[in-house]
Each structure stands twice: as structure tokens, then as C-alpha cells.
Amino acid sequence: MKTTRRTSPSPSHAARRIAAGAWAAATLLPRGVAALAAAATGRGGAACSLLRVDAGRPGAVRVAGHALATVLLGALSLVLTGVLLMAVARGLFYGFVDHGPYDNSWGGPSLAGAWLAHFAVATPCAVALVAALYGVARLQERLTAPLRGERRPGWVLPAVLVCSAAGALFVFAFLRQLP
């Protein structure tokens, strides 16, 4: 009897899959808005293509609803992408972003210590943000399951609404703390 051995995906394959998912999440907002516009003008096939759904001929209202939910997730992923870019700028490129003095900075009073401290904090934050973006992409994939003729789990719609509300609260809190 011949046995087949399943091999686990290589770490580089997993990293590429996560990076592709994070990129898909980062582009959700423009794709969702374009899909909503396409569905509103009666081009359901183009809307499904923008939502990355290989569907037959779903109704325009159904596609528009999924596009609207994708816009909500896209707004959330825009916030996550902005925080990721800020973490990279303030972590990896701290010495170029902040020109000192570093007396009261984390890791100060030297530039090297401040840079190292900011890098040490920003790195796990960036990893968590990329994972969150990947999760948003997977959530959008499960959200659009009915357009592919698949069953959508019952937790998906509440999760989309809760995550979108959390993103809106984060933006509101962030804007309130600005001078």
C-alpha cells in the first residue's frame, strides 16, 4: 500500500499568504466603493469581480449589500493600515522621524537607545497589525460566501459590525486626543 505524506506549508509560503491577505485587506475600501458603484449602476458581474467573488448572477441588491459591508471592513482596514504605517515609521525609522533631543524619549538620552526602544515596541505591534489585516481579509472572504453559493457562518455579520464599530470608536478617540 502506498502512503502519501502531507507536508506542511513552508514558512515562506505562509508569510506570502499572510502578506497577500494583508494587502487584500488594505485595498478593501477602494474595491468596496467601486463594487458599490458598479452594483448601483447594474453591473453585478463587475461588482463581484471587485469583491473577488466568482459568482453566477446574484441580484444587484444582494451584491450592493455585500459591497456596503465590504466598505465598512475597508474603513477598518484603512485605520489598521494607518496604524501599521505609523508603527513602522516610529519604530524602524525613528531616528529619521524624530530629530531629538532624546532626553525624555523611551530609551533616551542617546539616539541609539531611543531608536532601539522604539523598534522593540513597534515590531510586535507591526506583526499584530499585519495579523489583524489578514483577519479582516478572511472576515470579508467569509462575508461574501453567499455570493459564491456557500453558507455564511452566523457569527460573521455581528463580527463585521462589532469590528467596524470598534474601528470607529478608535478613530473618534484618536481625534479627540489631538490638540
Side-chain angles (χ1 to χ4, degrees), residues 4 6-89 92 122-175:
T4 58
R6 290 185 91 184
T7 58
S8 62
S10 69
S12 64
H13 176 72
R16 280 193 301 264
R17 190 179 78 239
I18 291 170
W23 177 253
T27 61
L28 275 179
L29 185 61
R31 287 190 296 120
V33 169
L36 190 58
T41 58
R43 296 178 302 154
C48 285
S49 176
L50 287 163
L51 295 175
R52 295 186 179 165
V53 175
D54 191 20
R57 299 191 57 59
V61 173
R62 189 173 188 192
V63 174
H66 284 89
L68 184 61
T70 298
V71 167
L72 287 175
L73 287 176
L76 173 65
S77 66
L78 180 68
V79 170
L80 291 172
T81 303
V83 174
L84 173 63
L85 292 175
M86 225 165 93
V88 170
L92 185 61
T123 300
C125 291
V127 170
L129 287 162
V130 168
L133 283 167
Y134 177 75
V136 169
R138 297 289 297 164
L139 185 60
Q140 193 268 343
E141 185 179 312
R142 290 186 182 196
L143 175 74
T144 57
L147 294 178
R148 291 187 298 277
E150 300 169 3
R151 189 168 178 263
R152 176 176 48 219
W155 58 267
V156 172
L157 282 176
V160 168
L161 295 175
V162 166
C163 289
S164 298
L169 285 173
F170 175 80
V171 169
F172 178 74
F174 181 78
L175 292 175

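It should be emphasised that the depicted structure is a prediction, and the values quoted were computed from it without experimental measurement.
- Not counting sequence neighbours, Arg16 has no partner by the side chain to side chain donor-acceptor pair (under 3.5 Å) test.
- The two residues Ala137 and Ala24 come nearest to each other via the heavy atoms CB-CB, 4.4 Å.
- Remark: the backbone N or O of Thr70 is not paired with any side-chain donor or acceptor of Arg31 at under 3.5 angstrom.
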ask   = Would Leu76 and Leu72 count as a side-chain contact (heavy atoms from CB on, under 4.5 Å) if you check the C-alpha gap in whole Å, the side-chain angles of each, and the deciding distance to 0.1 Å?
value = CA-CA 6 Å; Leu76 173 65; Leu72 287 175; over 6 Å; no
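- Panel note: side chain Arg62, backbone Pro146; a donor-acceptor pair is recorded below 3.5 Å.
- With rounding to the nearest 0.5 angstrom, the CG atom of Leu73 is 12.5 Å from the CD atom of Glu141.
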Please set out all donor-acceptor pairs under 3.5 angstrom arising from side-chain atoms of residues 151-162, sequence neighbours excluded.
| residue | atom | partner | partner atom | Å |
| --- | --- | --- | --- | --- |
| Arg152 | NH1 | His66 | NE2 | 3.3 |
| Arg152 | NH1 | Leu143 | O | 2.8 |

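- Scanning both residues, Val63 and Ala39, for their nearest heavy atoms gives CG1-CB, 4.1 Å.
- For the atom pair CG of Leu175 and CZ of Phe170, the computed distance is 9.5 Å after rounding to the nearest 0.5 Å.
- The two residues Ser77 and Ala25 come nearest to each other via the heavy atoms OG-O, 2.6 Å.
- To the nearest 0.5 angstrom, Arg43 atom CZ is 8.0 Å from Leu50 atom CG.
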Report all side-chain donor-acceptor pairs from residues 127-136 shorter than 3.5 Å, counting only partners two or more places apart or in another chain.
| residue | atom | partner | partner atom | Å |
| --- | --- | --- | --- | --- |
| Tyr134 | OH | Arg17 | NE | 3.4 |

